[in-house]
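Data block below; observations after.
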Amino acid sequence: MTMTNTAAAELIARSNRLGSDPRVTNYAGGNTSAKGTETDPATGEPVELLWVKGSGGDLGTLTESGLAVLRLDRVRALKNIYPGVEREDEMVAAFDYTLHGKGGAAPSIDTAMHALVDANHVDHLHPDAGIAFATSADGEALTAEAFGGRVAWVDWRRPGFQLGLDIAAIEEANPDSIGVILGGHGITAWGDTSEEAEANSLWIIKTAETYIAELGKSHPFGDDLPGYGALPPEERLAKAAALAAHVRGLASTDRPQVGSFTDAEVVTDFLSLSEHPRLAALGTSCPDHFLRTKVKPLVLDLPASASIEDSIARLDELHERYRADYAAYYEKHAEPGSAAMRGADPAIVLIPGVGMFSYGADKQTARVAGEFYINAINVMRGAEAISTYTPISDEEKFRIEYWSLEEAKLQRLPKPKPLAGRIALVTGAASGIGKAIATRLAAEGACVVIADLDITKARDAAAEIGNTDTAIGVQANVTSETEVQSSINAALLAFGGLDLVVNNAGLSLSKSLLETTVADWDLQHDVMAKGSFLVSRAAAKVLIDQKLGGDIIYISSKNSVFAGPNNIAYSATKADQAHQVRLLAAELGEYGVKVNGINPDGVVRGSGIFAGGWGAKRAAVYGVPEQELGTYYAQRTLLKREVLPENVANAVFVLCTSDLSHTTGLHIPVDAGVAAAFLR
């Protein structure tokens with residue numbers, strides 16, 4: 001449906017502009033609104049409406065469906081039944097009785113702020129510079145000085161109906177004001193037109209930035225800490241990859257998490273300076289920040305030169321202390337009726353000289369948590385430059401983190417997909433069976449690394465599946481120990497770890513015994529037998545280090561048990577792969593790692609192997625036209641069905657689910673029934 005209301009259309013356009021600029025606000029942070037008039041379909045009379053960004057939406061990508069639409073007279077009438085700040089949460093349910101029409105987003109806790117302020121357009125944003133003022137020890141005095149009376153100060157108050165009343169009263173008492181600094185939180189600005197509101201928001205942000213830049217201290221984070229500077233790029237990425245699996249295991253003690261890593265200069269610079277331990281311990285302040293980053297990060301207190309072994313040992317100690325501290329924080333502030341503790345693991349782990357790991361239920365959540373902590377670093381820098389960084393108290397953080405309204409929002413989240421939180425690497429995944437497997441795993445919620453000999457095709461396949469929060473493509477010649485390790489490292493740095501590996505890369509040469517050369521034999525065994533060994537060995541180290549279990553799956557073949565003519569090198573190496581499954585299942589079971597195999601047959605359509613000449617040669621062996629090879633294979637099966645790449649992908653998915661949590665060392669035939677290949 002085309003949006004016809006001018007005020008609402010202007011709101012969407014303004015929101016998208018503001019939300020696309022990281023200086024202005026963070027992902028899914030802040031909210032905007034517009035007031036206007038429409039004809040009420042029930043009466044035919046004009047009615048004043050409020051369009052406001054709904055709960056959980058993102059300004060940069062906001063569309064009409066993300067707006068809550070309310071009758072302005074009914075929202076403002078809620079002042080008459082407001083029971084006071086101790087019961088203000090009840091007002092959220094009351095908003096449901098002010099909605100106009102059907103559909104739209106759920107009203108957010110900030111709706112009152114937008115409705116009660118007497119301006120047609122209102123922006124509530126979380127710019128780093130604005131929050132720097134909001135978290136300064138003398139923020140109120142600095143606000144008066146920096147903004148020349150055009151911006152007022154509001155003491156910290158949890159978002160809600162009372163905050164809306166407070167801001168409306170300040171606006172009424174200060175008719176020349178264009179906005180407020182919300183203590184500990186962010187900014188709110190307004191205007192009679194959309195252009196004026198946007199200009200006022202940007203003016204507040206620019207004025208705050210200029211004040212900090214011109215009058216702030218030049219070294220707000222203190223002096224250099226000897227030995228804590230950033231390592232050279234290749235060295236820090238190598239150290240990050242070496243630590244990633246273990247750190248993810250720690251962060252997943254309560255529940256599996258996906259990770260994200262950044263070695264951005266803003267992070268490594270912060271960790272190289274003397275004040276970072278004090279500031280990190282104070283935690284973040286803006287609710288949008290700490291709801292994603294937790295109240296504070298875990299910070300490794302060793303120099304960049306610390307060995308991997310020493311770093312891991314110290315991280316274990318710090319993690320145990322972090323969990324105890326978080327439990328104490330919960331016990332201190334919890335009240336009867338508080339939601340149960342959601343987990344005591346850190347969402348942010350900072351490694352001096354290396355960078356930052358961030359964690360969440362999926363890659364986007366993990367990445368955004370890291371982006372929010374970078375926002376927090378910028379806030380701390382600004383606040384320390386002009387004053388002393390003073391975030392809201394732990395008591396107030398707890399009231400937000402375990403707020404009944406926040407809990408209700410979490411309960412409304414959709415049920416996670418079966419493979420949510422799992423990270424997969426599939427070799428030979430740019431086409432055919434591998435691509436079908438990667439596509440299915442991603443569709444079921446997994447993050448996927450598509451490893452292929454052809455990097456361009458790997459990246460193209462990943463782009464077809466989704467954005468880089470879902471899939472990435474990497475180059476991997478599985479015969480190369482170096483390239484195999486590089487692909488594993490890519491998974492670690494992109495998604496924080498690894499849970500599921502599919503050994504699918506392969507090729508086939510259709511030759512008789514006498515025609516098969518030593519080079520043919522070596523090539524087949526290098527790619528599939530040796531390649532699978534190299535991938536499994538590198539992956540097993542990660543899986544053991546994480547202590548989260550996992551799956552290794554081999555795409556073998558019915559030829560691993562069936563003897564046919566003119567494919568000795570191929571079938572022998574498939575038999576090698578099949579026995580690797582049994583050997584690794586026996587060895588890795590103690591670590592909770594399941595190892596299973598799939599035995600497909602006759603996957604012609606979409607197959608890179610068949611397209612590369614194998615199909616023509618097998619067709620010649622069986623005396624059928626190449627284009628009819630799939631049909632021929634189907635007719636020799638018990639079910640008379642052609643096997644497709646998706647059928648193999650289905651079997652891989654089933655092996656990875658909790659339904660087969662007690663299955664290892666198994667080979668599943670996906671051959672439509674080839675009696676000669678029955679497992680005995």
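Atom set for the values below is all heavy atoms of this structure, side chains included, hydrogens, waters and symmetry mates excluded.
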>> Side chains of V527 and V478, heavy atoms from C-beta outward: is any pair under 4.5 Å?
In response: yes
>> Assess whether a salt bridge exists between R236 and D263, defined as any Lys/Arg side-chain N lying under 4.0 Å from an Asp/Glu carboxylate O.
In response: yes
>> Evaluate D58 against T61 for side chain to side chain donor-acceptor pair (under 3.5 Å), listing each step before the verdict.
In response: CA-CA 6 Å; D58 171 54; T61 55; 3.0 Å; yes
> Which residues pass the side chain to side chain contact (heavy atoms under 4.5 Å, CB included) test with A442, sequence neighbours left out?
Replying inline: V448, I465, T470
>> Check this for me: does any side-chain nitrogen of one of D452 and K435 sit under 4.0 Å from a carboxylate oxygen of the other?
In response: no
> Under the 3.5 angstrom rule, does the side chain of D499 hit a backbone N or O of I423 as a donor-acceptor pair?
Replying inline: yes
>> With heavy-atom distances below 4.5 Å as the criterion, would you say the side chains of M356 and I348 are in contact?
In response: yes
> Does a side chain donor of either Q411 or E407 reach within less than 3.5 Å of an acceptor in the other side chain?
Replying inline: yes
> Measuring from W521:CH2 to L513:CG, what's the distance to the nearest 0.5 Å?
Replying inline: 9.0 Å
>> Does any part of the side chain of L588, heavy atoms only, come nearer than 4.5 Å to the side chain of I544, both counted from C-beta?
In response: yes
> How many angstroms lie between CG in L315 and CD in E320, if you round to the nearest 0.5 Å?
Replying inline: 13.0 Å
> Between R422 and C656, which heavy-atom pair has the shortest distance, and what is it?
Replying inline: NH1-O, 2.8 Å
> With the threshold set at 4.0 Å, does a side-chain nitrogen-carboxylate oxygen contact exist between E444 and R440?
Replying inline: yes
>> If the test is side-chain contact (heavy atoms from CB on, under 4.5 Å), which one of N489, I488, L548 qualifies with V542?
In response: I488
>> If the test is side chain to side chain donor-acceptor pair (under 3.5 Å), which one of Q364, R367, K363 qualifies with D469?
In response: R367
> Checking D551 side chain against L500 main chain: does a donor-acceptor pair fall under 3.5 Å?
Replying inline: no
> Taking side chain as C-beta onward, heavy atoms only, is V349 less than 4.5 Å from L300?
Replying inline: no
>> Within the 4.5 Å heavy-atom criterion, are S512 and N566 side-chain neighbours or not?
In response: yes
>> Can you classify the ring geometry of F357 versus F261 as parallel (below 30°), tilted (30 to 60°) or perpendicular (above 60°)?
In response: tilted
> Just by distance, do the side chain of D254 and the backbone of A344 share a donor-acceptor pair under 3.5 Å?
Replying inline: yes
>> What I want to check is whether the side chains of S536 and N503 have a donor and an acceptor closer together than 3.5 Å.
In response: yes
>> If you apply the rule side chain to side chain contact (heavy atoms under 4.5 Å, CB included), what do you find for L679 with N599, and how did you get there?
In response: CA-CA 10 Å; L679 297 173; N599 287 351; 4.2 Å; yes
> Side chains of T573 and D576: is there a donor and an acceptor less than 3.5 Å apart?
Replying inline: no
> If only atom types and distance count, is the side chain of N559 paired as donor or acceptor with the main-chain N or O of G564 below 3.5 Å?
Replying inline: no
> To the nearest 0.5 Å, how far apart are NZ in K594 and NE2 in H662?
Replying inline: 10.0 Å
> Hey, which of N596, V595, V581 is the one that makes side-chain contact (heavy atoms from CB on, under 4.5 Å) with L666?
Replying inline: N596
> Within the side chain of Q546, is there an N or O that forms a donor-acceptor pair under 3.5 Å with the backbone of R248?
Replying inline: no
> Are any of the side-chain heavy atoms of L583 and E587 separated by less than 4.5 Å?
Replying inline: no
> Picking from D520, N567, T517, T516, what satisfies side chain to side chain donor-acceptor pair (under 3.5 Å) with K511?
Replying inline: D520
> Backbone N or O of K574 within a donor-acceptor pair of the S556 side chain at under 3.5 Å?
Replying inline: yes
>> Quick check: do L271 and V354 have side-chain heavy atoms less than 4.5 Å from each other?
In response: no
> Going by heavy atoms in the side chains, are L250 and Y322 under 4.5 Å from each other?
Replying inline: no
> Can you find a side-chain donor-acceptor pair between T482 and S480 that sits under 3.5 Å?
Replying inline: no
> For E234, does the CD atom sit with more than 12 other heavy atoms under 6.0 Å from it, leaving out its own atoms?
Replying inline: no
>> With rounding to the nearest 0.5 angstrom, report the OG1 to CD distance, T631 to E642.
In response: 6.0 Å
